[in-house]
Trainee: 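Have a look at this one before I ask anything.
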Amino acid sequence: MKYQAPRGVKDLLPPESETFRLLEEEISALFALSGFREVRLPIFESAALFSRSIGESTDIVEKEMYLFEGKGGERLALRPEGTASLLRAAIEHRLAEPGRTTRLSYQGPMFRHERPQAGRLRQFHQAGAEILGTNDPDTDADLIAMVSRYAEKTRIPGSTLLINSMGCEACRPAYRTRLVAYLEDHKNTLCETCLRRTATNPLRVLDCKVEGCQAVLEAAPPLTEFLCASSRDHFDSVCRGLADQSIPYTLSHRLVRGLDYYTETAFEWVSDALGSQSTWAAGGRYNGLVSSLGGPDIPGVGLAIGIERLHLLREKAATLPLPTDPPVMIALHPLDEASRGYIHRILSSLREENISAVGLFGQSRLKKAFVSAEREKARYIGLAGEDERESNTLTIKDLATGVQKTVPAFPAASLADLLRTGWGAES
RNA sequence: GUGAGUGUAGCUCAAGGGCAGAGCACUGGACUGUGGCUCCAGGGGUUGGGGGUUCGAAACCCCUCACUCACCCCA
(Lines give C-alpha, C1' and ligand atoms only; values in the text may rest on other atoms or scores of the structure.)
Protein backbone atom coordinates (compact mmCIF):
# COMPACT_ATOMS: atom_id res chain seq x y z
CA MET A 1 0.00 0.00 0.00
CA LYS A 2 1.59 3.19 -1.13
CA TYR A 3 -0.27 5.78 0.90
CA GLN A 4 -2.03 5.48 4.17
CA ALA A 5 -3.44 7.97 6.63
CA PRO A 6 -0.83 9.48 8.96
CA ARG A 7 -0.59 8.02 12.42
CA GLY A 8 -3.35 8.89 14.81
CA VAL A 9 -5.81 10.26 12.26
CA LYS A 10 -8.87 8.43 11.11
CA ASP A 11 -11.07 8.33 8.06
CA LEU A 12 -14.68 8.54 9.08
CA LEU A 13 -16.65 6.32 6.73
CA PRO A 14 -20.34 5.53 6.34
CA PRO A 15 -22.28 4.74 8.40
CA GLU A 16 -20.22 6.24 11.27
CA SER A 17 -19.69 9.45 9.32
CA GLU A 18 -23.45 9.86 9.24
CA THR A 19 -24.13 9.21 12.92
CA PHE A 20 -21.15 11.42 13.73
CA ARG A 21 -22.71 14.30 11.83
CA LEU A 22 -26.05 13.73 13.53
CA LEU A 23 -24.29 13.80 16.87
CA GLU A 24 -22.66 17.13 16.01
CA GLU A 25 -26.03 18.51 14.99
CA GLU A 26 -27.54 17.27 18.23
CA ILE A 27 -24.85 19.09 20.23
CA SER A 28 -25.37 22.28 18.22
CA ALA A 29 -29.06 22.08 19.03
CA LEU A 30 -28.29 21.45 22.70
CA PHE A 31 -26.11 24.56 22.86
CA ALA A 32 -28.59 26.64 20.90
CA LEU A 33 -31.33 25.70 23.38
CA SER A 34 -29.27 27.33 26.11
CA GLY A 35 -28.72 30.47 24.09
CA PHE A 36 -25.32 29.83 22.56
CA ARG A 37 -24.59 31.12 19.10
CA GLU A 38 -22.10 29.22 17.02
CA VAL A 39 -18.90 30.66 15.60
CA ARG A 40 -16.68 29.02 13.00
CA LEU A 41 -13.03 29.41 13.88
CA PRO A 42 -9.84 28.81 11.91
CA ILE A 43 -8.02 25.58 12.65
CA PHE A 44 -4.67 27.29 12.88
CA GLU A 45 -3.60 30.33 14.80
CA SER A 46 -0.49 32.11 15.86
CA ALA A 47 1.42 29.63 18.05
CA ALA A 48 1.91 32.26 20.71
CA LEU A 49 -1.84 32.44 21.32
CA PHE A 50 -1.80 28.90 22.65
CA SER A 51 1.39 29.08 24.68
CA ARG A 52 0.09 32.24 26.30
CA SER A 53 -3.37 30.89 27.14
CA ILE A 54 -2.79 27.20 27.80
CA GLY A 55 0.47 27.75 29.63
CA GLU A 56 4.13 27.44 28.65
CA SER A 57 4.83 24.51 30.94
CA THR A 58 1.85 22.36 30.00
CA ASP A 59 2.38 19.16 28.03
CA ILE A 60 0.19 20.48 25.25
CA VAL A 61 2.44 23.45 24.61
CA GLU A 62 5.71 21.75 25.46
CA LYS A 63 5.42 18.79 23.17
CA GLU A 64 2.04 18.24 21.58
CA MET A 65 1.48 21.17 19.24
CA TYR A 66 1.69 20.86 15.48
CA LEU A 67 3.88 23.82 14.65
CA PHE A 68 4.68 25.19 11.24
CA GLU A 69 5.99 28.32 9.69
CA GLY A 70 4.01 30.65 7.45
CA LYS A 71 5.53 32.01 4.24
CA GLY A 72 6.41 35.19 6.05
CA GLY A 73 8.13 33.28 8.85
CA GLU A 74 5.28 33.54 11.37
CA ARG A 75 5.06 30.77 13.92
CA LEU A 76 1.73 29.03 13.45
CA ALA A 77 0.09 26.08 15.17
CA LEU A 78 -2.79 23.75 14.45
CA ARG A 79 -5.18 24.45 17.29
CA PRO A 80 -4.91 22.00 20.21
CA GLU A 81 -8.13 23.30 21.80
CA GLY A 82 -10.89 25.79 21.12
CA THR A 83 -11.16 28.26 23.99
CA ALA A 84 -8.07 30.27 23.06
CA SER A 85 -9.28 30.69 19.47
CA LEU A 86 -12.74 31.64 20.53
CA LEU A 87 -11.50 34.27 22.94
CA ARG A 88 -9.07 35.64 20.36
CA ALA A 89 -12.00 36.03 17.97
CA ALA A 90 -14.27 37.51 20.63
CA ILE A 91 -11.65 40.09 21.54
CA GLU A 92 -10.72 40.86 17.93
CA HIS A 93 -14.33 41.46 16.89
CA ARG A 94 -15.48 42.91 20.19
CA LEU A 95 -18.12 40.26 20.68
CA ALA A 96 -17.87 40.53 24.45
CA GLU A 97 -17.99 43.64 26.60
CA PRO A 98 -17.66 43.98 30.36
CA GLY A 99 -21.00 43.81 32.09
CA ARG A 100 -22.77 42.04 29.26
CA THR A 101 -23.19 38.27 29.00
CA THR A 102 -22.19 36.65 25.72
CA ARG A 103 -22.70 32.98 24.93
CA LEU A 104 -20.70 31.48 22.09
CA SER A 105 -20.09 27.95 20.94
CA TYR A 106 -17.80 26.25 18.46
CA GLN A 107 -17.25 22.83 17.05
CA GLY A 108 -14.54 21.18 14.99
CA PRO A 109 -11.26 19.31 14.76
CA MET A 110 -8.41 19.81 17.24
CA PHE A 111 -4.84 18.56 16.92
CA ARG A 112 -2.44 17.20 19.48
CA HIS A 113 0.67 15.17 18.77
CA GLU A 114 0.14 12.35 21.26
CA ARG A 115 0.52 8.59 21.09
CA PRO A 116 -2.82 7.31 19.78
CA GLN A 117 -4.90 5.14 22.07
CA ALA A 118 -8.50 4.17 22.74
CA GLY A 119 -10.43 7.46 22.76
CA ARG A 120 -7.35 9.48 21.86
CA LEU A 121 -6.47 10.63 18.36
CA ARG A 122 -4.10 13.20 16.92
CA GLN A 123 -6.97 14.83 15.10
CA PHE A 124 -10.07 14.70 17.25
CA HIS A 125 -13.24 16.75 17.55
CA GLN A 126 -14.53 18.97 20.26
CA ALA A 127 -17.68 20.97 20.74
CA GLY A 128 -17.35 23.82 23.20
CA ALA A 129 -19.56 26.40 24.84
CA GLU A 130 -18.28 29.57 26.52
CA ILE A 131 -20.07 32.20 28.58
CA LEU A 132 -18.28 35.54 28.75
CA GLY A 133 -18.97 38.58 30.86
CA THR A 134 -20.32 37.20 34.12
CA ASN A 135 -18.80 35.75 37.24
CA ASP A 136 -22.14 34.76 38.71
CA PRO A 137 -21.89 31.25 40.19
CA ASP A 138 -25.32 30.33 38.90
CA THR A 139 -23.90 30.75 35.42
CA ASP A 140 -21.45 27.97 36.22
CA ALA A 141 -24.23 25.83 37.63
CA ASP A 142 -26.44 26.42 34.61
CA LEU A 143 -23.65 25.54 32.19
CA ILE A 144 -22.89 22.36 34.10
CA ALA A 145 -26.57 21.50 34.22
CA MET A 146 -26.78 21.68 30.44
CA VAL A 147 -24.31 18.83 30.03
CA SER A 148 -25.41 16.80 33.04
CA ARG A 149 -29.01 16.85 31.86
CA TYR A 150 -27.86 15.84 28.42
CA ALA A 151 -25.86 12.92 29.87
CA GLU A 152 -28.93 11.85 31.79
CA LYS A 153 -31.26 12.13 28.85
CA THR A 154 -29.02 10.26 26.44
CA ARG A 155 -28.14 7.67 29.12
CA ILE A 156 -24.37 8.08 28.95
CA PRO A 157 -23.20 4.95 30.74
CA GLY A 158 -21.37 5.32 34.05
CA SER A 159 -21.06 9.09 33.89
CA THR A 160 -20.01 11.03 36.98
CA LEU A 161 -19.58 14.78 37.39
CA LEU A 162 -16.44 15.76 39.31
CA ILE A 163 -16.08 19.29 40.59
CA ASN A 164 -13.49 21.34 42.41
CA SER A 165 -12.39 24.92 42.95
CA MET A 166 -9.03 26.18 41.78
CA GLY A 167 -9.26 29.42 43.72
CA CYS A 168 -8.56 32.86 42.29
CA GLU A 169 -5.49 35.03 41.71
CA ALA A 170 -5.79 36.16 45.31
CA CYS A 171 -5.81 32.82 47.10
CA ARG A 172 -4.08 30.44 44.72
CA PRO A 173 -0.57 31.87 45.22
CA ALA A 174 -0.86 31.37 48.98
CA TYR A 175 -1.96 27.81 48.46
CA ARG A 176 0.77 27.24 45.93
CA THR A 177 3.40 28.33 48.43
CA ARG A 178 1.91 26.07 51.05
CA LEU A 179 1.72 23.12 48.65
CA VAL A 180 5.29 23.57 47.46
CA ALA A 181 6.44 23.56 51.08
CA TYR A 182 4.54 20.35 51.69
CA LEU A 183 5.92 18.73 48.55
CA GLU A 184 9.46 19.76 49.47
CA ASP A 185 9.00 18.02 52.81
CA HIS A 186 8.09 14.81 51.01
CA LYS A 187 10.41 15.01 48.04
CA ASN A 188 12.02 11.70 48.89
CA THR A 189 8.82 9.79 48.15
CA LEU A 190 7.72 11.67 45.04
CA CYS A 191 8.35 10.51 41.48
CA GLU A 192 10.65 12.33 39.10
CA THR A 193 7.87 14.08 37.19
CA CYS A 194 6.36 15.33 40.41
CA LEU A 195 9.68 16.75 41.53
CA ARG A 196 10.03 18.62 38.27
CA ARG A 197 6.47 19.89 38.48
CA THR A 198 6.96 21.04 42.04
CA ALA A 199 9.11 23.73 40.49
CA THR A 200 7.26 24.39 37.23
CA ASN A 201 3.58 23.72 37.95
CA PRO A 202 2.99 22.47 41.50
CA LEU A 203 -0.80 22.19 41.23
CA ARG A 204 -0.43 19.56 38.52
CA VAL A 205 1.41 17.33 40.99
CA LEU A 206 -1.96 16.69 42.64
CA ASP A 207 -3.04 14.94 39.47
CA CYS A 208 -0.21 12.37 39.57
CA LYS A 209 -1.29 8.74 39.39
CA VAL A 210 2.01 7.12 40.36
CA GLU A 211 1.32 4.80 43.27
CA GLY A 212 4.16 6.00 45.44
CA CYS A 213 2.91 9.57 45.21
CA GLN A 214 -0.70 8.73 46.02
CA ALA A 215 -0.28 8.46 49.78
CA VAL A 216 1.63 11.72 49.97
CA LEU A 217 -0.90 13.53 47.81
CA GLU A 218 -3.92 12.19 49.66
CA ALA A 219 -2.52 13.78 52.78
CA ALA A 220 -1.60 17.03 51.03
CA PRO A 221 -3.43 20.13 52.20
CA PRO A 222 -6.57 20.43 50.02
CA LEU A 223 -6.88 23.58 47.97
CA THR A 224 -10.45 24.13 49.09
CA GLU A 225 -9.26 24.80 52.64
CA PHE A 226 -7.19 27.72 51.44
CA LEU A 227 -9.83 29.47 49.40
CA CYS A 228 -10.35 33.14 50.13
CA ALA A 229 -13.79 34.26 51.24
CA SER A 230 -15.01 35.18 47.78
CA SER A 231 -13.73 31.99 46.13
CA ARG A 232 -15.19 29.91 48.94
CA ASP A 233 -18.46 31.71 48.48
CA HIS A 234 -18.41 31.26 44.72
CA PHE A 235 -17.73 27.55 44.99
CA ASP A 236 -20.40 27.01 47.63
CA SER A 237 -22.90 28.83 45.44
CA VAL A 238 -22.09 26.68 42.43
CA CYS A 239 -22.57 23.55 44.51
CA ARG A 240 -25.80 24.89 45.93
CA GLY A 241 -26.97 25.72 42.42
CA LEU A 242 -26.36 22.13 41.38
CA ALA A 243 -28.04 20.73 44.46
CA ASP A 244 -31.07 22.98 43.87
CA GLN A 245 -31.48 21.33 40.48
CA SER A 246 -30.81 17.86 41.90
CA ILE A 247 -27.73 17.47 39.73
CA PRO A 248 -25.51 14.81 41.24
CA TYR A 249 -21.85 15.73 41.65
CA THR A 250 -18.77 14.48 43.40
CA LEU A 251 -16.34 16.86 45.08
CA SER A 252 -12.83 16.03 43.99
CA HIS A 253 -10.22 18.09 45.78
CA ARG A 254 -7.53 16.51 43.60
CA LEU A 255 -9.15 17.52 40.32
CA VAL A 256 -6.78 19.87 38.51
CA ARG A 257 -7.29 20.83 34.93
CA GLY A 258 -4.35 20.41 32.59
CA LEU A 259 -4.60 23.88 31.18
CA ASP A 260 -3.21 26.75 33.22
CA TYR A 261 -5.93 29.30 32.64
CA TYR A 262 -8.56 27.89 34.95
CA THR A 263 -9.69 29.75 38.07
CA GLU A 264 -12.47 29.08 40.58
CA THR A 265 -14.73 26.29 39.33
CA ALA A 266 -13.24 23.28 37.54
CA PHE A 267 -15.29 20.28 36.51
CA GLU A 268 -15.25 17.22 34.35
CA TRP A 269 -17.49 14.36 33.42
CA VAL A 270 -15.87 10.94 33.50
CA SER A 271 -17.20 7.55 32.55
CA ASP A 272 -15.97 4.11 33.51
CA ALA A 273 -17.15 2.80 30.13
CA LEU A 274 -14.42 4.56 28.20
CA GLY A 275 -11.18 2.70 28.87
CA SER A 276 -8.30 4.60 30.32
CA GLN A 277 -9.23 7.96 28.74
CA SER A 278 -12.21 8.42 31.01
CA THR A 279 -13.01 12.12 30.61
CA TRP A 280 -15.62 12.84 27.95
CA ALA A 281 -16.37 16.47 28.76
CA ALA A 282 -14.65 19.06 30.91
CA GLY A 283 -14.45 22.74 31.63
CA GLY A 284 -14.03 25.48 34.14
CA ARG A 285 -13.92 29.16 34.86
CA TYR A 286 -11.14 31.36 33.47
CA ASN A 287 -11.55 34.83 34.90
CA GLY A 288 -8.12 36.21 34.04
CA LEU A 289 -7.79 34.80 30.55
CA VAL A 290 -9.48 37.41 28.40
CA SER A 291 -7.40 40.23 29.81
CA SER A 292 -4.20 38.21 29.61
CA LEU A 293 -4.89 37.80 25.89
CA GLY A 294 -5.10 41.55 25.54
CA GLY A 295 -8.84 41.97 25.91
CA PRO A 296 -10.86 43.82 28.53
CA ASP A 297 -11.14 42.38 32.03
CA ILE A 298 -13.95 39.94 31.36
CA PRO A 299 -14.65 36.79 33.36
CA GLY A 300 -15.61 33.61 31.57
CA VAL A 301 -16.62 30.02 32.04
CA GLY A 302 -16.76 27.26 29.45
CA LEU A 303 -16.55 23.60 28.65
CA ALA A 304 -15.76 21.24 25.84
CA ILE A 305 -17.14 17.85 24.88
CA GLY A 306 -14.94 15.23 23.20
CA ILE A 307 -17.06 14.14 20.27
CA GLU A 308 -15.28 10.84 19.58
CA ARG A 309 -15.53 9.87 23.23
CA LEU A 310 -19.16 10.88 23.34
CA HIS A 311 -19.74 8.84 20.20
CA LEU A 312 -18.14 5.79 21.85
CA LEU A 313 -20.32 6.16 24.90
CA ARG A 314 -23.51 6.68 22.95
CA GLU A 315 -22.66 3.65 20.87
CA LYS A 316 -22.28 1.59 24.04
CA ALA A 317 -25.53 2.94 25.38
CA ALA A 318 -27.20 2.25 22.02
CA THR A 319 -28.56 5.80 22.03
CA LEU A 320 -26.79 7.10 18.94
CA PRO A 321 -28.99 9.30 16.77
CA LEU A 322 -29.96 7.36 13.66
CA PRO A 323 -30.86 8.74 10.25
CA THR A 324 -34.62 8.78 9.74
CA ASP A 325 -34.62 8.89 5.96
CA PRO A 326 -33.29 6.10 3.76
CA PRO A 327 -30.02 7.03 2.03
CA VAL A 328 -31.84 6.88 -1.27
CA MET A 329 -35.61 7.11 -1.70
CA ILE A 330 -35.81 5.56 -5.14
CA ALA A 331 -33.51 3.87 -7.65
CA LEU A 332 -34.59 4.10 -11.29
CA HIS A 333 -33.81 1.48 -13.88
CA PRO A 334 -34.40 1.76 -17.64
CA LEU A 335 -35.78 -1.51 -19.03
CA ASP A 336 -34.48 -0.79 -22.51
CA GLU A 337 -32.04 1.52 -24.25
CA ALA A 338 -34.79 3.82 -25.48
CA SER A 339 -35.92 4.53 -21.91
CA ARG A 340 -32.66 6.03 -20.71
CA GLY A 341 -33.68 9.56 -21.57
CA TYR A 342 -37.05 9.05 -19.91
CA ILE A 343 -35.28 7.92 -16.72
CA HIS A 344 -33.08 11.03 -16.84
CA ARG A 345 -36.16 13.23 -16.98
CA ILE A 346 -37.78 11.51 -14.00
CA LEU A 347 -34.54 11.64 -11.98
CA SER A 348 -34.24 15.39 -12.47
CA SER A 349 -37.86 16.12 -11.69
CA LEU A 350 -37.84 13.98 -8.52
CA ARG A 351 -34.71 15.67 -7.24
CA GLU A 352 -36.41 18.97 -7.97
CA GLU A 353 -39.08 17.77 -5.51
CA ASN A 354 -36.38 16.93 -2.92
CA ILE A 355 -36.63 13.20 -3.41
CA SER A 356 -33.23 11.48 -3.35
CA ALA A 357 -32.95 9.35 -6.46
CA VAL A 358 -30.24 7.41 -8.26
CA GLY A 359 -30.15 6.01 -11.79
CA LEU A 360 -29.18 2.36 -12.18
CA PHE A 361 -27.54 2.72 -15.52
CA GLY A 362 -25.30 0.00 -16.83
CA GLN A 363 -27.21 -2.95 -15.42
CA SER A 364 -27.66 -5.51 -18.15
CA ARG A 365 -30.33 -7.46 -16.40
CA LEU A 366 -33.33 -6.57 -14.34
CA LYS A 367 -32.26 -8.89 -11.57
CA LYS A 368 -29.02 -6.99 -11.20
CA ALA A 369 -30.89 -3.74 -11.06
CA PHE A 370 -32.77 -5.03 -8.03
CA VAL A 371 -29.52 -6.05 -6.36
CA SER A 372 -28.02 -2.62 -7.08
CA ALA A 373 -31.10 -0.88 -5.72
CA GLU A 374 -30.75 -2.79 -2.50
CA ARG A 375 -27.09 -1.99 -2.32
CA GLU A 376 -27.95 1.71 -2.60
CA LYS A 377 -30.26 1.14 0.37
CA ALA A 378 -33.09 2.50 -1.72
CA ARG A 379 -36.62 2.28 -0.41
CA TYR A 380 -38.19 1.88 -3.84
CA ILE A 381 -37.12 0.73 -7.25
CA GLY A 382 -38.65 2.48 -10.25
CA LEU A 383 -38.85 0.75 -13.64
CA ALA A 384 -39.61 2.23 -17.02
CA GLY A 385 -39.73 0.52 -20.41
CA GLU A 386 -41.77 0.93 -23.52
CA ASP A 387 -45.16 0.66 -21.77
CA GLU A 388 -44.35 3.25 -19.12
CA ARG A 389 -42.78 5.59 -21.60
CA GLU A 390 -45.83 5.61 -23.83
CA SER A 391 -48.22 6.19 -20.95
CA ASN A 392 -45.95 8.62 -19.07
CA THR A 393 -45.98 6.36 -16.05
CA LEU A 394 -43.45 4.66 -13.80
CA THR A 395 -43.65 1.21 -12.24
CA ILE A 396 -42.57 1.51 -8.64
CA LYS A 397 -42.04 -1.27 -6.15
CA ASP A 398 -41.55 -1.03 -2.42
CA LEU A 399 -38.45 -3.12 -1.86
CA ALA A 400 -39.35 -3.98 1.72
CA THR A 401 -42.97 -5.05 1.20
CA GLY A 402 -42.82 -6.14 -2.42
CA VAL A 403 -45.92 -4.10 -3.20
CA GLN A 404 -45.85 -2.77 -6.77
CA LYS A 405 -47.81 -0.18 -8.71
CA THR A 406 -47.69 1.63 -12.00
CA VAL A 407 -48.39 5.32 -11.46
CA PRO A 408 -48.19 8.56 -13.46
CA ALA A 409 -44.63 9.89 -13.50
CA PHE A 410 -45.79 13.46 -13.99
CA PRO A 411 -46.41 15.85 -12.44
CA ALA A 412 -43.41 14.94 -10.31
CA ALA A 413 -44.97 16.56 -7.25
CA SER A 414 -47.69 13.92 -6.97
CA LEU A 415 -45.19 11.10 -7.58
CA ALA A 416 -43.01 12.65 -4.86
CA ASP A 417 -45.97 12.74 -2.46
CA LEU A 418 -46.74 9.12 -3.17
CA LEU A 419 -43.15 8.09 -2.47
CA ARG A 420 -43.00 10.15 0.70
CA THR A 421 -46.22 8.88 2.19
CA GLY A 422 -46.10 5.34 0.84
CA TRP A 423 -49.28 3.48 0.02
CA GLY A 424 -49.79 1.16 2.93
CA ALA A 425 -50.25 -2.57 2.61
CA GLU A 426 -52.56 -2.77 -0.34
CA SER A 427 -51.57 -5.25 -3.00
C1' G B 1 8.55 9.83 24.53
C1' U B 2 8.28 4.38 27.12
C1' G B 3 6.23 -0.66 27.23
C1' A B 4 3.32 -4.94 25.68
C1' G B 5 0.39 -7.48 22.02
C1' U B 6 -0.89 -8.07 16.85
C1' G B 7 0.16 -7.71 11.26
C1' U B 8 -1.80 -13.77 5.96
C1' A B 9 -7.37 -12.15 0.03
C1' G B 10 -11.99 -6.39 0.44
C1' C B 11 -13.67 -8.47 5.76
C1' U B 12 -13.23 -12.39 9.76
C1' C B 13 -9.64 -15.92 10.45
C1' A B 14 -6.76 -21.06 9.38
C1' A B 15 -2.06 -23.14 8.10
C1' G B 16 3.69 -23.18 13.89
C1' G B 17 9.98 -25.21 8.72
C1' G B 18 7.79 -28.82 3.18
C1' C B 19 2.10 -27.03 -2.79
C1' A B 20 -0.72 -20.27 0.92
C1' G B 21 -6.35 -22.03 2.45
C1' A B 22 -11.72 -21.48 4.33
C1' G B 23 -16.16 -18.65 5.30
C1' C B 24 -18.31 -14.12 3.99
C1' A B 25 -17.93 -10.39 0.18
C1' C B 26 -17.00 -9.55 -5.18
C1' U B 27 -17.60 -10.94 -10.77
C1' G B 28 -20.01 -14.09 -14.47
C1' G B 29 -23.68 -17.91 -15.51
C1' A B 30 -28.26 -21.17 -14.63
C1' C B 31 -32.25 -16.51 -15.02
C1' U B 32 -33.27 -10.90 -21.59
C1' G B 33 -39.91 -6.94 -17.61
C1' U B 34 -39.41 -8.50 -11.23
C1' G B 35 -34.90 -8.79 -5.88
C1' G B 36 -33.45 -11.35 -1.20
C1' C B 37 -32.96 -18.31 -1.85
C1' U B 38 -30.25 -22.17 -4.28
C1' C B 39 -26.62 -24.29 -7.51
C1' C B 40 -22.25 -23.87 -10.92
C1' A B 41 -17.91 -21.28 -12.41
C1' G B 42 -14.31 -17.35 -11.78
C1' G B 43 -11.12 -13.27 -10.22
C1' G B 44 -8.34 -12.01 -6.50
C1' G B 45 -1.82 -12.63 -2.23
C1' U B 46 5.33 -10.07 -3.37
C1' U B 47 1.84 -13.63 4.03
C1' G B 48 3.15 -5.05 6.22
C1' G B 49 8.46 -3.84 4.29
C1' G B 50 13.84 -4.99 4.39
C1' G B 51 17.72 -8.18 5.78
C1' G B 52 19.45 -12.92 7.94
C1' U B 53 19.38 -18.50 9.26
C1' U B 54 18.01 -22.86 6.14
C1' C B 55 18.19 -27.50 0.70
C1' G B 56 13.48 -25.05 1.83
C1' A B 57 10.54 -19.39 5.83
C1' A B 58 3.87 -17.00 6.36
C1' A B 59 6.32 -19.64 10.45
C1' C B 60 12.80 -18.98 13.44
C1' C B 61 16.35 -14.37 14.28
C1' C B 62 17.45 -8.94 13.57
C1' C B 63 15.87 -4.14 11.82
C1' U B 64 11.84 -1.15 10.27
C1' C B 65 6.77 0.43 9.55
C1' A B 66 1.71 0.19 10.91
C1' C B 67 -2.35 -1.03 14.09
C1' U B 68 -4.26 -2.04 19.12
C1' C B 69 -3.91 -1.42 24.27
C1' A B 70 -1.46 0.57 28.47
C1' C B 71 2.02 4.35 30.76
C1' C B 72 2.02 9.49 30.10
C1' C B 73 -1.36 13.26 28.93
C1' C B 74 -6.19 14.85 28.12
C1' A B 75 -11.71 15.94 25.35
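The structure displayed is predicted, hence computed values, not measured ones. A note on names: the letters A, B, ... follow the listed sequences, proteins ahead of strands, and every chain is numbered from 1.
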Trainee: Can any side-chain N or O of A/Asp336 pair as donor or acceptor with the backbone N or O of A/Ser339 at less than 3.5 Å?
Mentor: yes
Trainee: Base, sugar-phosphate, or nothing for A/Leu121, non-hydrogen atoms under 4.0 angstrom?
Mentor: base
Trainee: Whole-Å distance between B/U27 P and A/Arg375 CZ?
Mentor: 5 Å
Trainee: Assign A/Glu308 to base, sugar-phosphate, or nothing according to its heavy-atom contacts below 4.0 angstrom with the strands shown.
Mentor: nothing
Trainee: Within this structure, what is the CD-to-P distance between A/Glu114 and B/C72, rounded to whole angstrom?
Mentor: 13 Å
Trainee: Using the closest heavy atom to pick a nucleotide of RNA chain B for each, name whichever of A/Ile307 or A/Gln277 lands nearer the 5' end.
Mentor: A/Gln277
Trainee: So what does A/Gly8 touch, heavy atoms closer than 4.0 Å: a base, only the sugar-phosphate, or nothing?
Mentor: sugar-phosphate
Trainee: Rounded off to whole Å, could you give me the CD-to-P distance for the A/Glu62 and B/C74 pair?
Mentor: 11 Å
Trainee: For the residue pair A/Asn135 / A/Arg285, report whether a side-chain donor-acceptor contact shorter than 3.5 Å exists.
Mentor: yes
Trainee: What about A/Arg7, does its side chain sit under 3.5 Å from the base of B/C65 through a donor-acceptor pair?
Mentor: no
Trainee: Quote, to the nearest angstrom, the C1' distance that separates B/U46 from B/A57.
Mentor: 14 Å
Trainee: When you compare B/A70 with B/A58, how far apart are their C1' atoms, in angstrom units rounded to a whole number?
Mentor: 29 Å
Trainee: In whole Å, what separates the P atom of B/A14 from that of B/A9?
Mentor: 12 Å
Trainee: Tell me whether B/G44 sits syn or anti, counting syn as a glycosidic angle within 90° of 0.
Mentor: anti
Trainee: Say you pick atom C1' in B/C67 and the same atom in B/G49; how far apart are they, in whole Å?
Mentor: 15 Å
Trainee: Distance between the P atoms of B/C26 and B/A20, in whole angstroms?
Mentor: 29 Å
Trainee: Would you measure the distance from the P atom in B/G29 across to the matching atom in B/G35 and give it in whole Å?
Mentor: 15 Å
Trainee: Please confirm whether any donor atom in the side chain of A/Arg115 sits under 3.5 Å from an acceptor in the base of B/C69, or the reverse.
Mentor: no
Trainee: Atom CD of A/Gln123 to atom P of B/A75: distance rounded to whole Å?
Mentor: 17 Å
Trainee: Any chance you could list the contact pattern along nucleotides 31-36 of chain B? Use B for base contacts, S for sugar-phosphate-only contacts and - for none, protein heavy atoms under 4.0 Å, 5' to 3'.
Mentor: BSBBBB
Trainee: Spell out, as yes or no, whether a donor-acceptor pair under 3.5 Å connects the side chain of A/Thr134 to the backbone of A/Asp136.
Mentor: yes
Trainee: How many whole angstroms separate atom CH2 of A/Trp280 from atom P of B/C73?
Mentor: 23 Å
Trainee: On a heavy-atom basis, which atom in A/Leu289 and which in A/Leu87 lie closest, and how many Å separate them?
Mentor: CD2-CD1, 3.4 Å
Trainee: Does a side-chain N or O from A/Ser276 land closer than 4.0 Å to OP1 or OP2 of B/C71, or not?
Mentor: yes
Trainee: Please report the distance separating the P of B/G7 from the corresponding atom of B/A41, rounded so that it comes out in whole Å.
Mentor: 33 Å
Trainee: Do any side-chain nitrogens or oxygens of A/Lys368 fall under 4.0 Å of OP1 or OP2 in B/U27?
Mentor: no
Trainee: Of the nucleotides B/C73, B/C26, B/C74, which has the atom closest to the A/Arg112 side chain?
Mentor: B/C74
Trainee: Nearest heavy atom decides the nucleotide; on that basis, is A/Phe124 or A/Gly275 closer to the 5' end of RNA chain B?
Mentor: A/Gly275
Trainee: Determine the stems involving RNA chain B; a stem requires 3 or more consecutive pairs of the Watson-Crick or G-U wobble kind, each with both distances below 3.5 Å, and the answer is none if no such run exists.
Mentor: B:1-7 with B:65-71, B:10-13 with B:21-24, B:26-30 with B:38-42, B:48-52 with B:60-64
Trainee: Using whole Å, report how far CG of A/Leu255 lies from C1' of B/C74.
Mentor: 12 Å
Trainee: Expressed as a whole number of angstroms, how long is the span from A/Asp11:CG to B/C67:P?
Mentor: 12 Å
Trainee: Taking the six-membered ring for Trp, is the centroid-to-centroid distance between A/Phe20 and A/His125 below 6.0 Å?
Mentor: yes
Trainee: Whether A/Arg21 and A/Glu24 form a salt bridge (side-chain N of Lys/Arg under 4.0 Å from carboxylate O of Asp/Glu) is what I want to check.
Mentor: no
Trainee: Could you tell me whether A/Glu45 and A/Arg75 make a salt bridge, using a distance below 4.0 angstrom between a side-chain N and a carboxylate O?
Mentor: no
Trainee: Check this one for me: any side-chain N or O of A/Gln117 less than 4.0 Å away from OP1 or OP2 of B/A70?
Mentor: yes
Trainee: Identify, with sequence neighbours excluded, every residue that meets salt bridge (charged side-chain N to carboxylate O under 4.0 Å, His left out) alongside A/Arg115.
Mentor: none
Trainee: Under 6.0 Å between the ring centres of A/Phe68 and A/Phe44?
Mentor: yes
Trainee: Between A/Thr263 (side chain) and A/Cys168 (backbone), is there a donor-acceptor pair under 3.5 Å?
Mentor: no
Trainee: In whole angstrom, give me the gap between the C1' atoms of B/A30 and B/G16.
Mentor: 43 Å
Trainee: May I ask you to verify if any side-chain N or O of A/Arg204 is less than 4.0 angstrom from the OP1 or OP2 atom of B/C74?
Mentor: yes
Trainee: With a cut-off of less than 4.0 Å, is there a side-chain N or O of A/Lys63 near OP1 or OP2 of B/C74?
Mentor: no
Trainee: Compare all side-chain heavy atoms of A/Tyr150 with those of A/Ile27 and state whether any distance is below 4.5 angstrom.
Mentor: yes
Trainee: From CG of A/Leu203 over to P of B/C73, roughly how many Å is that when rounded to an integer?
Mentor: 15 Å
Trainee: Do the side-chain N and O atoms of A/Glu130 and A/Thr83 include a donor-acceptor pair separated by under 3.5 angstrom?
Mentor: yes
